[in-house]
Amino acid sequence: MRRKLAAGNWKMNGRLADLDQLDRIMAACPAPAADLLLCLPATLIHPAAARVADHALRIGAQDCHQAGAGAHTGDIAAGQLMDAGASAVILGHSERRADHQEDSATVRAKAEAAQAAGLIGVICLGETLAERDAGHTLEVIGAQLDASVPDSATGAVTVIAYEPVWAIGTGRIATTEQIAEVHGFLRARLIARFGAATGGAIRLLYGGSVKPDNAAQIFAVTDVDGALVGGASLTADDFCPIIAALEAS
Ligand code: PEP
């Protein structure tokens, strides 16, 4: 019932010349059995969106401001991302929570702005290693979920990405048991808040060092509807096998 989603996050990487990777992904996946999304630096959104116009591959952004317009130098409104050709935006990535002191209330406001502009919000949650080691993982994740996800969330416009901070860019992945525990917890909490239909329709992605050689085992976990992929989304050589593993799951 939930369509799988392979989402990439290029972070602060990529120039115009790197958009040939999109051509290679489209050629490798002419009719994908999963939704495909690449969240690019803002500078690449417009040319990338034009490039994928005839394909199912969609282009997303990595952040938006919570206001619709105004005196916010350097920020970008959700409506401007939509105007540039984005169809989704990552919100509350742990790097933004850490580097820009974004709290969950801000993430929620951004998710509301994204939804109002017609963008899918990919809302990120994740515990630090210290929080996991202290046994606080579910408490932290539950609090982030409650405070970051707007009441207006639906399966069509909201995606949740569970990304343990200690697994992002480290080459270290959560065990399938750890992923199953958190995703099962998230699913139950979404259903408790939004009801079975909406809570059961919101997709749950895992993120954190997903690579071609570990993707299949992650996608076999119940309630994993796809992945948010950083480093391995930068090249078609790495991203295409992850898409293939998701399609086969
Ligand atoms: C991410 O950027 O969200 C991420 C999960 O990165 P990586 O796959 O490189 O760990």
Side-chain angles (χ1 to χ4, degrees), residues 4-14 18 21 25 34-42 44-45 48 58-64 86 88-100 102 104 107 110-111 114 119-129 131-132 137 140-141 144-145 148-149 158-176 178-179 182-183 186 203-219 221 223-246 249:
K4 312 260 181 194
L5 170 60
N9 173 14
W10 277 20
K11 311 194 186 193
M12 199 171 69
N13 299 296
D18 298 307
Q21 297 301 323
I25 293 168
D35 287 347
L36 306 183
L37 172 70
L38 276 179
C39 296
L40 303 180
L44 298 181
I45 289 172
R58 297 274 68 93
I59 301 303
Q62 301 170 13
D63 179 49
C64 70
V89 58
I90 295 173
L91 300 166
H93 191 283
S94 61
E95 288 155 12
R96 293 218 47 101
R97 289 181 189 257
D99 295 354
H100 300 272
E102 283 189 12
S104 292
V107 175
K110 291 183 174 198
L119 296 174
I120 293 171
V122 181
I123 300 172
C124 300
L125 318 168
E127 82 284 5
T128 64
L129 190 56
E131 289 164 342
R132 175 163 283 278
T137 298
V140 169
I141 297 295
Q144 288 181 350
L145 182 78
S148 303
V149 177
T158 310
V159 174
I160 308 291
Y162 167 54
E163 299 204 303
V165 177
W166 47 272
I168 296 178
T170 60
R172 187 174 164 192
I173 60 161
T175 65
T176 51
Q178 289 170 329
I179 298 171
V182 174
H183 280 236
L186 288 170
R203 290 177 285 187
L204 299 177
L205 308 183
Y206 170 77
S209 297
V210 176
K211 307 290 180 196
D213 62 357
N214 61 28
Q217 74 191 53
I218 294 167
F219 296 147
V221 176
D223 268 314
V224 171
D225 302 312
L228 180 54
V229 183
S233 71
L234 291 172
T235 65
D237 284 348
D238 283 335
F239 199 43
C240 289
I242 294 173
I243 295 168
L246 184 61
S249 68

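Numbers for residues simply follow the sequence, beginning at 1. Just so you know, ligand 1 is whichever comes first in the structure, and atom 1 is the first atom listed for that ligand.
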Legend entry - Side-chain donor/acceptor of Ser209 to backbone N/O of Ile173, under 3.5 Å: no

Inset, instruction - Sort out for me which residue in Lys4, Arg203, Arg58 forms a salt bridge (Lys or Arg N to Asp or Glu O under 4.0 Å) with Asp35. - result: Arg203

Inset, instruction - Please write down residue, atom name and distance for the protein heavy atom closest to atom 9 (O) of ligand 1. - result: Gly231 N, 2.9 Å

Inset, instruction - Determine, for Asp63 against Lys110, whether the closest basic-nitrogen to carboxylate-oxygen distance falls under 4.0 angstrom. - result: yes

Inset, instruction - Indicate yes or no: does an N/O atom of Gly169 lie under 3.5 Å from an N/O atom of ligand 1? - result: yes

Inset, instruction - Ignoring hydrogens and angles, tell me if any N or O in the side chain of Gln62 forms a donor-acceptor pair with the backbone of Lys11 under 3.5 Å. - result: yes

Inset, instruction - Ignoring angles and geometry beyond distance, decide whether Glu163 reaches within less than 3.5 Å of ligand 1 through its nitrogen or oxygen atoms. - result: yes

Inset, instruction - Could you tell me whether some N/O pair between Lys211 and ligand 1 is separated by less than 3.5 angstrom? - result: no

Legend entry - Backbone of Leu145 reached by a side-chain donor or acceptor of Ser148 within 3.5 Å: no

Legend entry - Ile168 and ligand 1 - part of the residue with a heavy-atom distance under 4.0 Å: both

Inset, instruction - Measure the acute angle between the ring planes of His183 and Tyr162, then classify it against the limits of 30° and 60° as parallel, tilted or perpendicular. - result: perpendicular

Legend entry - Nearest neighbour in protein (non-hydrogen) for atom 4 (C) of ligand 1: Gly230 N, 3.6 Å

Legend entry - Closest heavy-atom pair and its distance - Gln178, Trp166: OE1-CH2, 3.6 Å

Legend entry - Check: His100 side chain, Glu102 main-chain N or O, donor-acceptor pair, under 3.5 Å: no

Inset, instruction - Distance to 0.1 Å, residue and atom name: give those for the protein heavy atom nearest to atom 2 (O) of ligand 1. - result: Lys11 CE, 2.6 Å

Legend entry - Ser209: numbered ligand 1 atoms lying under 4.0 Å from its heavy atoms: 7 (P), 8 (O), 10 (O)

Inset, instruction - Please work out whether any backbone atom (N, CA, C, O) or any side-chain heavy atom from C-beta onward of His93 is under 4.0 Å from ligand 1, and answer side chain, backbone, both or neither. - result: side chain

Legend entry - Residue portion contacting ligand 1 (non-hydrogen atoms closer than 4.0 Å) for Ala167: backbone

Legend entry - Residue Gly208 vicinity, atoms of ligand 1 by number, heavy atom under 4.0 Å: 5 (C), 10 (O)

